[in-house]
Structure formats: structure tokens, C-alpha cells
Visitor: 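Please find one structure pasted underneath; my questions will follow.
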Amino acid sequence: MNLYEKEGQVDPNTQKCQFCSGEMFYKGSGVYLCEKCGEEYLTDFGQVKRYLEKNGPRTVMEIEKATGVNRRIIGDLINEGRVEVVATSHGQNFCLSCGMAIRSGQYCPACAKKIAGNR
């Protein structure tokens, strides 16, 4: 994921379609679309999100194998709360406050609520 994806702008690396040289526009959720020919380009986030939409929650290892997206990037997406995975002993995330196993984000719901209440 990068600044452009977060901002909804065109990534300089994907401004032109590799097939027809048409303009690529950001549709959201990690998907760029060529205005001219309709070709799609998926960022790492787009690939992971589309895979999970089609296959339901999976482990980090399954996602990495199926999409080719590095598990560190998948971990970042989980920590940001952008995707959710099936919790297993491999690649599992834990709450930074209490250590409880979590499926997305950095804190379990109870700790997140406590932290929000302290602000």
C-alpha cells in the first residue's frame, strides 16, 4: 500500500495502461482501471482484498501463496484493520496491550474501547 492508494490518486507507476497506454484511474480498494480499454491493475491491497472476497477468511500463509503478496505486507494490512484473516498459530496477530489473539487491527475490542475511553 502506498500514499497514492490511501489518497485515492493515481500512482505514478500505474498512470498509463501497459496494454493500450490509456489513463489509469483509481476506483478504490486497491483497484486501478484503464479508462480506454477497461484493463484492471490491482495493488497488493487490491489483490488481497479480492482474494478474500472470493474465498472468505484465510490464513496469512494461504493468502501469500495464492496472491504472491508478501506476508509482511499482509501483516501491515491486518494491523491497519484493512483486512481480516483466520487466526492460526502461524502468522497470528496479538493485541499490543493484553496479548489476546486478534484477527485485525492492533488491539482487541476490549483494549481498543479502553484506549478510546482514555482520550
Side-chain angles (χ1 to χ4, degrees):
M1 176 189 23
N2 59 44
L3 171 66
Y4 300 98
E5 189 173 324
K6 287 182 179 179
E7 302 279 329
Q9 301 170 4
V10 174
D11 181 334
N13 298 321
T14 57
Q15 285 184 354
K16 298 285 182 186
C17 176
Q18 64 182 345
F19 298 103
C20 73
S21 298
E23 293 290 320
M24 298 293 284
F25 290 95
Y26 187 70
K27 288 180 50 179
S29 297
V31 179
Y32 287 87
L33 184 66
C34 176
E35 182 179 67
K36 192 173 178 182
C37 73
E39 183 66 29
E40 279 189 335
Y41 168 79
L42 299 174
T43 63
D44 289 342
F45 170 59
Q47 290 178 54
V48 171
K49 184 170 173 69
R50 184 160 290 168
Y51 175 76
L52 292 173
E53 285 173 351
K54 289 181 180 178
N55 299 287
R58 296 285 188 257
T59 66
V60 171
M61 300 300 285
E62 289 173 314
I63 297 166
E64 180 182 43
K65 185 176 180 182
T67 64
V69 175
N70 185 291
R71 72 184 85 175
R72 284 188 227 161
I73 294 171
I74 297 167
D76 290 343
L77 294 171
I78 294 166
N79 287 336
E80 293 169 3
R82 298 179 78 187
V83 297
E84 215 175 83
V85 298
V86 173
T88 67
S89 59
H90 302 291
Q92 188 171 35
N93 277 0
F94 298 93
C95 175
L96 294 178
S97 181
C98 71
M100 174 187 228
I102 55 176
R103 292 176 58 180
S104 73
Q106 296 181 329
Y107 298 97
C108 69
C111 290
K113 188 174 182 179
K114 285 179 194 173
I115 292 168
N118 290 336
R119 292 183 181 173

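Below, all heavy atoms of this structure are taken into account, side chains as well, without hydrogens, waters or symmetry copies.
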Visitor: Stepwise, does the side-chain contact (heavy atoms from CB on, under 4.5 Å) test hold for Leu77 with Val69?
Guide: CA-CA 11 Å; Leu77 294 171; Val69 175; 5.5 Å; no
Visitor: Between Tyr32 and Thr43, is there a side-chain heavy-atom distance shorter than 4.5 Å?
Guide: yes
Visitor: Please enumerate all residues that pass side chain to side chain contact (heavy atoms under 4.5 Å, CB included) together with Pro57, with sequence neighbours excluded.
Guide: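 With neighbours one apart ignored, the set is Val86, Arg103.
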Visitor: How would you list, by chain and number, every residue that makes a side chain to side chain donor-acceptor pair (under 3.5 Å) with Glu40, sequence neighbours excluded?
Guide: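 Residues passing side chain to side chain donor-acceptor pair (under 3.5 Å) with Glu40: Arg50.
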Visitor: Can you find a pair of side-chain heavy atoms, one from Glu23 and one from Lys16, that are under 4.5 Å apart?
Guide: yes
Visitor: Could you tell me which non-hydrogen atom of Tyr107 sits nearest to which non-hydrogen atom of Ala112, and how far apart they are?
Guide: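 Between these two residues, the closest heavy atoms are CB-N, 4.0 Å.
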Visitor: Among all residues two or more places apart in sequence or in another chain, which pass the side chain to side chain contact (heavy atoms under 4.5 Å, CB included) test with Glu39?
Guide: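 Residues passing side chain to side chain contact (heavy atoms under 4.5 Å, CB included) with Glu39: Cys17, Phe19, Cys34, Cys37.
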Visitor: Mind checking side chain to side chain donor-acceptor pair (under 3.5 Å) for Asn70 and listing every partner two or more places apart, or none if nothing turns up?
Guide: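 Asn70: no side chain to side chain donor-acceptor pair (under 3.5 Å) contacts found.
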Visitor: State which residues pass salt bridge (Lys or Arg N to Asp or Glu O under 4.0 Å) with Glu62; sequence neighbours excluded, sorted by chain then number.
Guide: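 Glu62: no salt bridge (Lys or Arg N to Asp or Glu O under 4.0 Å) contacts found.
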Visitor: How many angstroms lie between atom CZ of Arg72 and atom CG of Asn79, to the nearest 0.5 angstrom?
Guide: 13.5 Å
Visitor: Kindly give the heavy-atom pair with the smallest separation between Gln47 and Thr67, and that separation in Å.
Guide: OE1-O, 3.1 Å
Visitor: Output all residues satisfying side chain to side chain contact (heavy atoms under 4.5 Å, CB included) with Ser21, sequence neighbours left out; order by chain, then residue number.
Guide: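 Applying side chain to side chain contact (heavy atoms under 4.5 Å, CB included) to Ser21 gives none.
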Visitor: Please name all residues satisfying side chain to side chain donor-acceptor pair (under 3.5 Å) with Gln106, sequence neighbours left out, ordered by chain then number.
Guide: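 Gln106 satisfies side chain to side chain donor-acceptor pair (under 3.5 Å) with no residue once adjacent residues are dropped.
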Visitor: Verify the cluster assignment for Leu42 and Met24: are they in a single hydrophobic cluster under the rule of side-chain heavy atoms below 4.5 Å apart?
Guide: no
Visitor: Looking at NZ of Lys114 and SG of Cys108, how far apart are the two atoms once the value is rounded to the nearest 0.5 Å?
Guide: 7.5 Å
Visitor: Does Ile73 share a hydrophobic cluster with Ile78, counting links as ILVMFWY side-chain heavy atoms below 4.5 Å and allowing steps through other members?
Guide: yes
Visitor: By side chain to side chain contact (heavy atoms under 4.5 Å, CB included), which residues pair with Lys113, not counting sequence neighbours?
Guide: none
Visitor: For a quick test of reading the model, state the closest non-hydrogen atom pair linking Ser29 to Lys49 and the distance between them.
Guide: OG-CE, 3.3 Å
Visitor: Would a hydrophobic clustering, with Ile, Leu, Val, Met, Phe, Trp and Tyr connected at side-chain separations under 4.5 Å, put Val60 with Tyr51?
Guide: yes
Visitor: With a 4.5 Å limit on heavy-atom distance, are the side chains of Ile63 and Val83 in contact?
Guide: no
